[in-house]
Amino acid sequence: MQPPLPVSPVWQRPASPIACRFAESDVDLVVVGAGYQGLSTALHAARAGLSVQIIEAGDIGAGASGVNGGQVIPGLKQDPETLISLFGEDAGKRLLRFASKTADVVYDLIAREELDVEHVRSGWIQAAHTEAALQAAGQRNRQWRAQGADVALLNQAEIALLTGAEGYRGGFLDRRAGVVNPLAFVHELARIATEAGANLVTHDAVTSLSRDGTSWRVGTQSGRSLRAKKVLVATNAYSDRILPDLARSLVWLHSFQIATEPLPAGFDFILPSGQAVSDSRRILVYYRRSPDGRLVLGGRGPMRPPRSAEDWAHLERALQRLYPMLSGIAITHRWFGRVAMTPDHLPHLHEPEPGLLMVAGCQGRGIGLMVSLGDPLAQYLAHGDPGVLPLPISPLRGIPLHRFRRIGVAAHVAWYRLLDGLER
Ligand SMILES: Cc1cc2nc3c(=O)[nH]c(=O)nc-3n(C[C@H](O)[C@H](O)[C@H](O)COP(=O)(O)OP(=O)(O)OC[C@H]3O[C@@H](n4cnc5c(N)ncnc54)[C@H](O)[C@@H]3O)c2cc1C
């Protein structure tokens, strides 16, 4: 058994300083949480002329935004035809148009604002490990091609060349996608949001939210207090403190990741063009190269916090299965974070009271989604026209038997792992 290691992500942040300050008087908007959702909305709201205060319980990107896999994948979990059948022709097509452009929004922002974020845009591969998964990839490819997306179906030889991995039958390549350094990205978003005029404080959790006439009174752990016309609760999978109803509307899972040491010369056949990969297993793994040449791989972890390096052992086994030639390569980093899931696998937008807004449930695909939502959310907060929103505002409902979620998730994971094992 390996000794426990410090738990720390492999991602580095840029050195650019970010000025923290607290508003001296009432503001138009308080944003709770400095992840992609909160910061992108704050950026657009400040540029639209609103006075904004962002309040973050930890450091910038302390939630999922600073620790994720950095795979920027357009679309939602559901394929185009499913989205249209779920939402109807008009709303479904509007959501689809929005979702298909989320990677464009990220890469355009990085280029336009000259963000100091390492990135590669050479696509995302959904790798099929069975014939059934390859057929599903073919369906996905057909549906996105019908939307004019730059996608392709890969055969066995093509996917072997692009991944250097063993055991895939083929896969779906989405060339709109890519990878970023996720921690650098969230820091750079904080920098431009504050430069646009938004106030930001970190290491101070919001502990109370109450009505104050037509406004909101926001109180923090350190005793700060502020009045705001509107509040965005951008706490997503980390929503346990202020709005119990929001926390009960989600199930969060742990996603664990490992990174190898930088791969030495001779391993250039592993993701030579820098694509991101997710495989097609029920309990999937996802992987990519890091800017300094490591292999970074993630997947589902235990529902409890990790106790030792053993809690990442299943990811090391997956790495060995895909790349047996990496057996002598050291694992240097292990870390984890929370992913918010909803029962219908769609992101949810709620406004349980006028002027109190929240979006949650990215199903592990929140980089493009949350960054892209910032602009419409800010427009809605500024002008109140729901027509600008790509998602309908839905009632905030708790999941029945929410307190038994851990048992339910653990049982599902065990069952899915068994089925995945049978398909090997
Ligand atoms: C390990 C992992 C890998 C992932 N990989 C990918 C990927 O490759 N691609 C992808 O698209 N998505 C991925 N995701 C999902 C993606 O990271 C999230 O969807 C996205 O970061 C959500 O952004 P957010 O701003 O909504 O929430 P978060 O980034 O989680 O931000 C919420 C913030 O709220 C703060 N907060 C909570 N309570 C309070 C309070 N009371 N007061 C003040 N602040 C508070 C938290 O500290 C946190 O910083 C991954 C997630 C994880 C955990």
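Below, each value reflects all heavy atoms present in this structure, side chains not excepted, and no hydrogens, waters or symmetry copies. If you're wondering where the values come from, they're calculated on a predicted model, not measured in any experiment.
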Arg121 side chain near Arg176 side chain, heavy-atom distance below 4.5 Å: yes
Side chain to side chain, Arg338 and Val67, heavy atoms closer than 4.5 Å: no
Pairwise side-chain contact, His129 with Arg281, heavy-atom cut-off 4.5 Å (strictly under): yes
Student check: side-chain heavy atoms of Cys20 and Thr202 closer than 4.5 Å: yes
Ile258/Trp335 under side chain to side chain contact (heavy atoms under 4.5 Å, CB included): CA gap, chis, key distance, verdict: CA-CA 7 Å; Ile258 53 175; Trp335 71 101; 5.8 Å; no
Steps toward side chain to side chain contact (heavy atoms under 4.5 Å, CB included) verdict (Ile393, Tyr380): CA-CA 11 Å; Ile393 298 176; Tyr380 177 64; 3.7 Å; yes
Aromatic plane relationship, His348 with His350 - under 30° parallel, 30 to 60° tilted, over 60° perpendicular: perpendicular
Arg397 and Asp245: CA distance, side-chain angles, deciding distance, salt bridge (charged side-chain N to carboxylate O under 4.0 Å, His left out) verdict: CA-CA 7 Å; Arg397 286 203 194 99; Asp245 285 353; over 6 Å; no
From Ile60 atom CD1 to Leu200 atom CG, the distance as rounded to the nearest 0.5 Å: 5.0 Å
Minimum heavy-atom distance between Ala137 and Phe172, given as atom pair plus value: CB-CB, 4.0 Å
Pair Val371-Thr102, side chain to side chain contact (heavy atoms under 4.5 Å, CB included): steps then yes or no: CA-CA 8 Å; Val371 171; Thr102 55; over 6 Å; no
Ser278 versus Trp124, closest heavy-atom pair with distance: OG-NE1, 2.9 Å
Results of ring-ring contact (aromatic ring centres under 6.0 Å, His included) for Phe267 - residues two or more places apart only: none
Residue pair His345 / Gln78, side-chain heavy-atom distance below 4.5 Å: yes
Worked verdict on Glu89 versus Arg94 for salt bridge (charged side-chain N to carboxylate O under 4.0 Å, His left out): CA-CA 8 Å; Glu89 275 292 308; Arg94 197 173 62 212; over 6 Å; no
Check ion pair Glu113-Arg47 (N to O, under 4.0 angstrom): yes
Asp59 and Arg13: CA distance, side-chain angles, deciding distance, salt bridge (charged side-chain N to carboxylate O under 4.0 Å, His left out) verdict: CA-CA 12 Å; Asp59 211 340; Arg13 71 189 59 173; 3.4 Å; yes
Geometric class of the Phe185/Tyr36 ring pair [parallel <30°, tilted 30-60°, perpendicular >60°]: tilted
Closest heavy-atom pair and its distance - Ser100, Pro74: O-CB, 3.9 Å
Option among Lys229, Lys230, Arg227 that satisfies the salt bridge (charged side-chain N to carboxylate O under 4.0 Å, His left out) test with Asp28: Lys229
Thr332 side chain near Thr260 side chain, heavy-atom distance below 4.5 Å: no
Interatomic distance, Gln363 atom CD to Met341 atom CE [nearest 0.5 angstrom]: 5.0 Å
Heavy-atom check, side chain of Leu39 versus side chain of Val186, under 4.5 Å: yes
Val359 versus Gln37, closest heavy-atom pair with distance: O-NE2, 3.1 Å
Mutual orientation of the aromatic rings belonging to Phe256 and Phe336 [parallel < 30°, tilted 30-60°, perpendicular > 60°]: tilted
Shortest non-hydrogen contact from Leu349 toward Leu389: CD2-CD1, 3.8 Å
Side chain to side chain contact (heavy atoms under 4.5 Å, CB included) between Leu243 and Met358, intermediate numbers included: CA-CA 10 Å; Leu243 283 177; Met358 60 210 64; 3.5 Å; yes
Lys/Arg-Asp/Glu bridge criterion (N-O < 4.0 Å) met for Glu166, Arg321: no
Check: Arg217/Ser225 side-chain N/O donor and acceptor closer than 3.5 Å: yes
Pair Glu188-Ser16, side-chain donor/acceptor within less than 3.5 Å: yes
Geometric class of the Tyr107/His119 ring pair [parallel <30°, tilted 30-60°, perpendicular >60°]: tilted
Non-hydrogen atoms of Ala42 and Val52 that approach each other most closely: CB-CG1, 3.9 Å
Donor on one side chain, acceptor on other, Thr163 and Tyr287, under 3.5 Å: no
Any side-chain heavy-atom pair of Arg140 and Arg145 under 4.5 Å: no
